[in-house]
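The structure appears right after this line, and notes come after that.
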Amino acid sequence: MMRTTTASVLAALLLGCGGAGTYKEPEGTITFDPERPDMASPGTVAPYAGTNAFVLEAQTRMPTGMDLQRKVILRTCGPTNGVCHNQKEYPDLHTTGTFASAINAPCNLQPGTFGSVYDRCERLGDRFKMTEQKFKEIEIGWYEVIVGAYVEYKDNETPPSDAAGFHLHLRDPVPLDKGRAHWGTGAFLRNFVNADGNVEMLSFANYNTRWWVLDDGRHLYGEVRDYQAEDMEELQAVGIIQGDQNRNGTFGAREGQSVPLINPGKPEESYLVARMRGHMQGDPIPGTRMPLANQPPSVTDMLAIMCWIEGLDPNAKAWNLSSSINYAGCSYSANPEALSLVGAGVHFADRVWPILQSSCGGCHGGSNPQAGLDLLSPGAWNRLQAFSLQNPTLKLIDSGRPEKSYLWLKLAGDGSVSGSRMPLDPLNSGSRSLPQDQLDSIQTWILAGALND
Ligand code: HEC
């Protein structure tokens, strides 16, 4: 009854606009077979029906990529003024939008020290040639501007390798005479894909000066006189892509090793995961482990990250963060415990140190560690044998005696320590406690002799 009425009203309204005519109800039936989206993908996936507690928890807490971004990524990063904002090496993943755009995005683009760049984040470098010379363009490894007072070298002199000016390090030697200057225009070239889909090489910057070939021929020195300072600034501002950004002789992209921040379908080859783990496929990753000072991701968090990335279709053009994570079909659901970032047992190397590195290394590491205590770089065990700066009557670690180990007292929140309980937690403007199981492990390790094992 209701349906007919609605239809009649609708028909009357439509006809009202059209003017004349008598409306007749259509006869017969129209078979209606709409093309509905396949509900099995990507909207809903068959839920995990096993018994592993980590998988069940991940499925409840983080059913979709969006939950993962909110509950793991955002938490570990801090929504505002979090630690990550202060860390130039950390990619911006603060919104679901920036998180999704990390899929297939190049890694390590954030400015930082060159040494913090991982070979597998390097991109194909731009190329260099000299307009007046015959040699074929050569890939750029890295460049450096050495600041200092201008010194004029004669044409037949050889400037030192660290002369003030522009230093360009190339992949192959430049086939020009050493020991004398070459006047000319250095052209910087890059490949573009043009509107027709063809690769085209364009010269995107020039620098005109006197050049010398130094060292083994792969090092070019370009003079920068005072009147050229502006040209030099412009050249740097265009953003030359350096194929060997970390200056270690390996051209990561050239060796077919490039990985993106998030590699759809390949969690093991996603830089984001590698930065959390501190290694990629057995290779150590330079730089501090993410998420720096905050609570490291739990097994459940890691499982959500791995399963989400594994389930991303590498051939898709866009990814929907609200799609369900397929825990049932995820290879990591078979053994989520193996994803633990803090190891197992109570040995220094595989349990205690990873805890210190991941929970403390963000502050107690790098070139200027807090309280002069470096817990991050190799040799940490030796440094733990020293006396505390805050309380020089106690050693940081006193083998067999947690109650005399100043580092332990700082962790346990003992009332006798100076300063705050560790780890300091800048996000909550105070301190927090390590999880009980980690405290237990550290205490057990000290009681058992605090061995370097
Ligand atoms: C957010 C930064 C931050 C984090 C994270 C952090 N610390 Fe600290 N740490 C500090 C600062 C700042 C001081 C000096 C001020 C103080 O003690 O409150 C300090 C001091 C210390 C000292 C005293 C050193 C001495 O020689 O007396 C110890 C020990 C220590 N931290 C251990 C740890 C351990 C272990 C962790 C990880 C579980 C940790 N810290 C995490 C910032 C941090």
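Remember, it's 1-based here, ligands and their atoms both numbered in the order they're listed.
Not a single N/O/S atom of Cys363, whether from backbone or side chain, sits less than 2.8 Å from atom 8 (Fe) of ligand 1. In summary, no N, O or S atom of Ser420 is located under 2.8 Å from atom 8 (Fe) of ligand 1.
Atoms of ligand 1 found under 4.0 Å from any heavy atom of Leu411, numbered from 1 in the order shown, are 35 (C), 38 (C). The distance from ligand 1 to the heavy atoms of Gln370 drops below 4.0 Å at these ligand atoms: 10 (C), 11 (C), 12 (C), 42 (C). Interface atoms of ligand 1 facing Ser388, defined by a heavy-atom separation under 4.0 Å, are 25 (C), 26 (O), 27 (O). Of all atoms in ligand 1, listed by their number and element, those nearer than 4.0 Å to a heavy atom of Gly419 are 16 (C), 17 (O), 18 (O). Heavy-atom contacts of Tyr406 reach the following atoms of ligand 1: 27 (O) (cutoff under 4.0 Å).
Of the options Met276, Arg61, Met306, a side chain to side chain contact (heavy atoms under 4.5 Å, CB included) to Asp301 is made by Arg61 and by none of the others.
Side-chain contact check for Glu310 and Tyr332: no donor-acceptor pair (N or O, by modelled atom type) lies under 3.5 Å. For the 3.5 Å distance criterion, the side chains of Glu200 and Asn194 qualify, holding a donor opposite an acceptor. There is a side-chain donor-acceptor pair under 3.5 Å between Ser433 and Arg421. Under 3.5 Å, the side chains of Ser161 and Asp215 contain a donor-acceptor pair of N or O atoms. If you check the side chains of Glu223 and Tyr150, you find a donor sitting under 3.5 Å from an acceptor.
Contact annotation for Val417 and ligand 1: no heavy atom of the residue comes within less than 4.0 Å of the ligand. At a heavy-atom cutoff of 4.0 Å, ligand 1 is contacted by both the backbone and the side chain of Leu424.
To the nearest 0.5 Å, atom NZ of residue Lys410 and atom OG of residue Ser418 are 6.5 Å apart.
Crowding of Glu337 atom CD: a count of heavy atoms from other residues, nucleotides or ligands under 6.0 Å exceeding 12.
Backbone and side-chain nitrogen or oxygen atoms of Leu389 are examined, and one is located within less than 3.5 angstrom of a nitrogen or oxygen of ligand 1. At least one N or O atom of Lys410 sits closer than 3.5 Å to an N or O atom of ligand 1.
Between Ser359 and ligand 1 there is a heavy-atom distance shorter than 4.0 Å.
Contacts of Asp226 classified as salt bridge (charged side-chain N to carboxylate O under 4.0 Å, His left out), with partners at least two apart in sequence or in another chain: none.
The option with the heavy atom closest to atom 37 (C) of ligand 1, from among Ser431, Ser405, Cys360, Pro423, is Cys360. Considering Ala386, Ser358, Ser418, Ala371 only, the shortest heavy-atom separation from atom 20 (C) of ligand 1 involves Ala371. Which of Arg383, Gln357, Lys395, Met422 comes nearest to atom 19 (C) of ligand 1 through a heavy atom is settled by distance: it is Met422.
Salt bridge annotation for Arg254-Glu122: absent, with no cationic side-chain nitrogen under 4.0 angstrom from a carboxylate oxygen.
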